[in-house]
**Q** 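There's a structure below that I have some questions on.
Convention: sequence-line order gives letters A, B, ...; per-chain numbering from 1.
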There are 2 protein chains.
Amino acid sequence: MFDQFRNKFLLTDEKWLEYINYFNRIEVPSKTTLLEEGEVSKKLFIIERGCIRVWFNNNGKDLTTQFFFENQSVASIESFIKKTPSPVVVETIEVSVLWWIHKNDLDKILEEIKEIPELRDVLINMLFQRTFDYMKYFVSFIKDSPTQRYLNLIEERPQIIQRVPQHYIASYLGVTTVHLSRIKSKLVHKKD
Amino acid sequence: MFDQFRNKFLLTDEKWLEYINYFNRIEVPSKTTLLEEGEVSKKLFIIERGCIRVWFNNNGKDLTTQFFFENQSVASIESFIKKTPSPVVVETIEVSVLWWIHKNDLDKILEEIKEIPELRDVLINMLFQRTFDYMKYFVSFIKDSPTQRYLNLIEERPQIIQRVPQHYIASYLGVTTVHLSRIKSKLVHKKD
DNA sequence: TGTATTTGATAACAAATGTTATCGTCTGCC
DNA sequence: GGCAGACGATAACATTTGTTATCAAATACA
């Protein structure tokens, strides 16, 4: 599970084992709420198997902002870092196997890691990359039509199309399920 | 001009003066292009007086992503950091007085600053805050109607309403100038 | 296996937003 | 002072997207 990180962080074996020991493994059914709206996020999750979505309630309607799959880490980042109530809900879509670490333990690790220049730069670069990803989402939203955004998803994130129920995809694209159906229907007809 | 930063960065006077010396002052008319589309960003600008917008060309239409005013720093961040061609244009709106620093010089400063733990944390926090700001823009875009976004602007960024020509605001809100006129018109009528 | 629930498609109508065109006002500039 | 270009309002019509309702298919699960 953690081998993917092993290469990035050049640590001693002891340290590595100590860090891994902070993580806890859980298995949860689909539609399990991992973080509720208004709750302060104290756990960071890593997905071994399964699929998670992050959404918030807007006038009674779901609005999905992110999907996560295997090997990705998930939290309500702003809530996690600033200890503020989370505006979003974190919830499994499929039956999932997760590893989580408590914020206190992660903070310890990060304090130690920050003293190592190479790791510090890795961290900073990760932060920048996260910012760039958000910019990309943002630009795509104001730039592209829902149809184009759907085509982008097919191209860039086929996992979402394949594994996520369509009404969540609609909520991610910012349209109704009815309209997403229309979009798909038109695309099929154009192919004739 | 630079006193606003003086407090944040606890440096010796020598260092401070050395750093300030890297900056160059320029005065430019409105509609001056500071960075063209496709160009690699090598200058970071700080605004002493005036107003800048960042936009990109989408099928012949302007799409404005950000406005900047006095005391803010401006660059096509991703292009600046990664040395990739900028997807956006950076352009003055008003007659402006700017200070700019070359990326090479800024990198030198940052390398030195990173060795000081307090300053390193200030930097990391600035990166996080930038991410959170983008999340906020993003969420507002998928959550709120154009009318609501316009009301948010009035509330949260009155400078934009007061100083920026309306067609740029429309392009920032993601609607046509015609529709923004309609929105304003409806708001006036509701007040009766 | 059978039934309830979830998921997705479609139709008919409503509301929001874009497109094109016209006109008036303002502003910078010679 | 007058003119050209920028800016903003409005109207008429087109297109996109939302709303509500209904039905069919897939799926979960007792």
**Q** To the nearest 0.5 Å, what is the distance between CG (B:Leu110) and CG (B:Asp105)?
**A**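 Result: 11.0 Å between the selected atoms.
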**Q** Which one, D:dG18, D:dG8, D:dT16, comes nearest to the side chain of A:Val175?
**A**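 So the nucleotide nearest the side chain must be D:dG18.
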**Q** Under 4.5 Å between side-chain heavy atoms, hopping through other hydrophobics if needed: is there a path connecting B:Ile101 to B:Ile20?
**A**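 In one cluster with B:Ile101: B:Ile20, yes.
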**Q** Output the rounded distance in Å from OH (A:Tyr150) to P (D:dT17).
**A** 15 Å
**Q** Please answer: with hydrophobic residues joined when any side-chain heavy atoms are less than 4.5 Å apart, are B:Leu180 and B:Phe67 in the same cluster?
**A** yes
**Q** Tell me, do A:Glu37 and A:Asn57 make a side-chain contact under 4.5 Å, heavy atoms counted?
**A**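 They are in contact (side-chain heavy atoms under 4.5 Å apart), so the answer is yes.
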**Q** State, with a plain yes or no, whether a side-chain heavy atom of B:Tyr150 is found less than 4.5 Å away from one of B:Leu187.
**A**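 In short, these two side chains touch, coming nearer than 4.5 Å.
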**Q** Please tell me whether B:Asn125 and B:Gln129 have a donor and an acceptor in their side chains that are separated by less than 3.5 angstrom.
**A** no
**Q** Each nucleotide N or O in nucleotides 4-7 of chain D that has a protein N or O under 3.5 Å away: list the pair and distance.
**A**
residue: D:dC7; atom: OP2; partner: B:His167; partner atom: NE2; Å: 3.3

**Q** Measure CG/A:Leu180 against C1'/D:dG18 and give the value in whole Å, please.
**A** 14 Å
**Q** How close or far is atom P of C:dG18 from atom CG of B:Leu63, stated in whole angstroms?
**A** 11 Å
**Q** What is the distance, to the nearest angstrom, from the CG atom on B:Leu173 to the C1' atom on C:dA16?
**A**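 Distance check: B:Leu173 CG to C:dA16 C1' gives 15 Å.
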**Q** So does B:Lys108 pair up with B:Glu18, basic N to acidic O under 4.0 Å?
**A** no
**Q** Which whole-number value in Å describes the distance from B:Lys186 NZ to D:dG8 P?
**A** 20 Å
**Q** Distance check needed: D:dT27 C1' versus A:Glu94 CD, whole Å only.
**A**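 Whole-Å distance recorded here is 15 Å.
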**Q** Just by distance, no angles: are the side chains of B:Ser76 and B:Ser41 close enough, under 3.5 Å, to form a donor-acceptor pair?
**A** no
**Q** Can you tell me if the side-chain N/O atoms of A:Lys184 get under 4.0 Å from OP1 or OP2 in C:dG8?
**A** no
**Q** Look at the side chain of A:Pro146 and decide which nucleotide, out of D:dT17, C:dG8, D:dA9, has an atom nearest to it.
**A**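 Taking heavy atoms from C-beta onward, the closest nucleotide is D:dT17.
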**Q** Would you indicate whether the side-chain heavy atoms of B:His102 and B:Tyr22 approach each other to under 4.5 Å?
**A** no
**Q** Does D:dT10 have OP1 or OP2 sitting under 4.0 Å from an N or O in the side chain of B:Ser185?
**A**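 For B:Ser185, the contact criterion (side-chain N or O under 4.0 Å from OP1 or OP2 of D:dT10) is met.
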**Q** Please encode protein proximity along nucleotides 19-30 of chain C as a string of B, S and -, counting only heavy-atom distances under 4.0 Å.
**A** BB----------
**Q** Rounded to the nearest Å, what distance is computed from the CG atom of residue A:Asp144 to the P atom of nucleotide D:dT16?
**A**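 For the pair A:Asp144 CG and D:dT16 P, the rounded distance is 15 Å.
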